[in-house]
Undergrad: 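Just passing along the structure, written as structure tokens.
Just the heavy atoms: all of them, side chains too, but no hydrogens, waters or symmetry mates, feed the values below. Every chain is numbered from 1 and lettered A, B, ... according to where its sequence line falls, protein lines coming before strand lines. Keep in mind it's a predicted model, so treat the numbers as computed, not measured.
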Amino acid sequence: MKGVTARGLAGVLAFLLVWEVFGHSGAVRPELFPPASTVLTALAGLLTDPGFLSDVLATVGSWAAAVVLAALLAVPAGLVLGSVAPIRAATRSLVEFLRPVPSVALIPLVVVLLGRGPETTVTLAVYAAVWPLLLTTSYAMGEIDPVQTDTARAFGLSATRRLFTVALPHAAPFVMTALRVSAGIALILVVSSELLGAGTGGIGQFVFLAGSGGGRMDLVLAGTLTVGLLGCAVNAGLEHVQRRFLGWDTAEPGA
Amino acid sequence: MSVALDVSGLAHRYGPGPAVVDVSLDARPGELVCIVGPSGCGKSTLLRAVAGLLTPTSGEVRVDGEPVRGVVPGLAMVFQDYSRSLYPWLTVRGNVELPLRGHVERSERQERAEEALKHVGLDGQGGRYPRQLSGGMQQRVAIARALAHRPTLLLLDEPFASVDAQTRADLEDLLLRVRAEHGMTALLVTHDIDEAVYLADRVVVLSPAPATVAAVLAVDLPGTRDQIGTRAAPEFVHLRTEVARLLRR
């Protein structure tokens, strides 16, 4: 595990080094593409800037709300879709039609309906984030081993008890993996809809404002870097939860 | 004489092809009946119908005189594929306690699980996960789970087909010991002739698919059996030859 962390860090350092060298090479003008050191300095400055911190807070808040809402909508719906074949058949074409619709294309519609603000960014992010959760949960429900179900039935477990003791634990690792994917998608959607003017505040808007007019590319990249770091932190957190509570799924086989 | 299990005229078809046609058999209380038949002859279908996991196309299953509608209460089942019938997200103890949840109090549940695990030689293993155990140990967990349930009827579907020969012999003897101590009626499906004769009070020989009863043979071996002596006894050799001949046809 230590080796993996060390190698990961080495990769990051190598990336920063290449970036730094490229920034100083004269291939691009430093105001357009500042080297890593300039961006990191800007980032350090931003982390004590109350204005920027409230933008970060706005983005994190919208993002968290979007993930929770997406999970609350998609997981129960996926359970139903996965276990009731007629409903699955009836909704398949609709899901396949709605799923590829890009959320950002819905910005004008949602802005008209809800106005600019966190409601809008959250709605757009939820729209994009429900699909992996919905489809994965539905798929997981369909993949339950019939022997597991038969075992539970033979021992007289009721349908409700089977749902909680067999179906849900079986689906949990699939749902957790989908949640990580959806969390990433939600973050992208929150930031891009902020950037495209659907929200009020947030890192997306900060990046947009920094990039327009004067064109402070160091701030643009520092804001972008912040989003990347947020995404990493969230993924690491969810991975930890997965290992802690769903460890059986990856437990070392023995004997 | 009273009958614990009575199957009469059972038939089942999946789609166009019949899997089982006209099977009748019975088991007395505390009797161990082995059903032996060629692979794919419909043995598992028969067992699933007895369990109430599937409704047969025709025929009737009665347990203690009551016709079976849905899953039989007081039933425990051991499947061939322990790696699929044990729940990987539950510890060994969790798996054994699962059938008791909801109707047996926590403290008694734990007691019964401990006792059952001890019975199959797995005391102290309750906190491990199934995949951390060997195949033989996992099947012991499945047997312990059935025991903790205190079944009146125990169904076993090729329970020892996926373990090595030595483990298999150990588990066979474990089953005989458990049956002697608990006195439940047991129905065991196997394709192994020696196993059927070694374990059974009576052997039901099935024909190739679609399954019908080819013969029912009483096993006149002493109640206490042992892997070496019993298998060398003339009666054992005679019976296994008889069953083999029936299966050849």
Side-chain angles (χ1 to χ4, degrees), chain A residues 71 75 78-79 82-83 85 136-180 238-255, chain B residues 44 47-48 50-54 70-92 94-104 122 125 128-138 141-142 145-146 148-151 153-158 167:
Chain A
V75 174
L79 293 177
S83 30
T136 308
T137 310
S138 158
Y139 168 81
M141 291 303 285
E143 285 296 298
I144 298 177
D145 192 322
V147 176
Q148 291 188 347
T149 313
D150 271 359
T151 303
R153 285 180 61 207
F155 282 108
L157 269 65
S158 67
T160 319
R161 197 162 280 279
R162 288 205 301 276
L163 173 69
F164 286 102
T165 55
V166 179
L168 291 182
H170 161 84
F174 295 89
V175 173
M176 202 56 205
T177 303
L179 191 67
R180 282 165 54 193
L238 289 175
E239 230 175 28
H240 177 78
V241 171
Q242 196 164 12
R243 263 202 305 276
R244 171 75 181 74
F245 293 101
L246 303 169
W248 58 267
D249 197 38
T250 48
E252 291 292 310
Chain B
S44 292
L47 208 62
R48 282 169 53 86
V50 170
L53 288 173
L54 70 79
V71 174
V72 180
L75 172 91
M77 203 154 172
V78 177
F79 292 86
Q80 173 186 341
D81 215 337
Y82 45 79
S83 64
R84 292 164 65 197
S85 89
L86 293 179
Y87 300 104
W89 51 84
L90 295 177
T91 58
V92 164
N95 268 286
V96 174
E97 283 184 26
L98 182 67
L100 309 176
R101 280 205 226 161
H103 58 96
V104 176
L122 285 179
Q125 306 284 347
R128 299 178 77 185
Y129 283 90
R131 64 159 40 167
Q132 297 174 309
L133 305 178
S134 68
M137 286 163 91
Q138 289 184 46
V141 176
R145 176 169 64 186
H149 195 51
R150 308 240 167 107
L153 179 61
L154 177 62
L155 303 180
L156 306 106
D157 188 2
E158 305 243 14
T167 307

Undergrad: Taking all atoms of both residues into account, what is the closest heavy-atom pair of A/Q148 and B/W89, and its distance?
TA: OE1-CH2, 3.6 Å
Undergrad: With only heavy atoms counted, which part of B/P73 is less than 4.5 Å from chain A, the side chain, the backbone, both or neither?
TA: neither
Undergrad: With a 4.5 Å cut-off on heavy-atom pairs, point out which of A/P169, A/P146, A/A152, A/G156 contacts chain B the most.
TA: A/P169
Undergrad: For A/T151 and B/R145: C-alpha separation, side-chain torsions, deciding distance, then whether side-chain contact (heavy atoms from CB on, under 4.5 Å) applies.
TA: CA-CA 11 Å; A/T151 303; B/R145 176 169 64 186; 3.2 Å; yes
Undergrad: Side chains of A/H170 and B/Y87: does their closest heavy-atom pair fall under 4.5 Å?
TA: no
Undergrad: Using non-hydrogen atoms and a 4.5 Å limit, figure out which bit of A/R153 sits close to chain B: side chain, backbone, both or neither.
TA: both
Undergrad: For a quick test of reading the model, state the closest non-hydrogen atom pair linking B/L53 to A/A154 and the distance between them.
TA: CD2-N, 3.9 Å
Undergrad: Under 4.5 Å from any heavy atom of chain B, what part of A/D150 do you find: side chain, backbone, both or neither?
TA: both
Undergrad: Work out which heavy atom in A/R161 is nearest to a heavy atom in B/G102; give both atom names and the distance.
TA: NH2-CA, 3.4 Å
Undergrad: Can you tell which part of B/R101 gets under 4.5 Å to a heavy atom of chain A, answering side chain, backbone, both or neither?
TA: both
Undergrad: Below 4.5 Å from any heavy atom of chain B, which atoms of A/A172 appear? Answer side chain, backbone, both or neither.
TA: neither
Undergrad: Determine whether A/L157 and B/L98 make a side-chain contact, defined as any pair of heavy atoms from C-beta on separated by less than 4.5 Å.
TA: yes
Undergrad: Looking only at heavy atoms and a cut-off of under 4.5 Å, which of B/P99, B/G74, B/G94, B/A76 has the most pairs with chain A?
TA: B/P99
Undergrad: Taking atom NE2 as the centre, does A/H240 end up with more than 12 heavy-atom neighbours from other residues, nucleotides or ligands that are less than 6.0 angstrom away?
TA: no
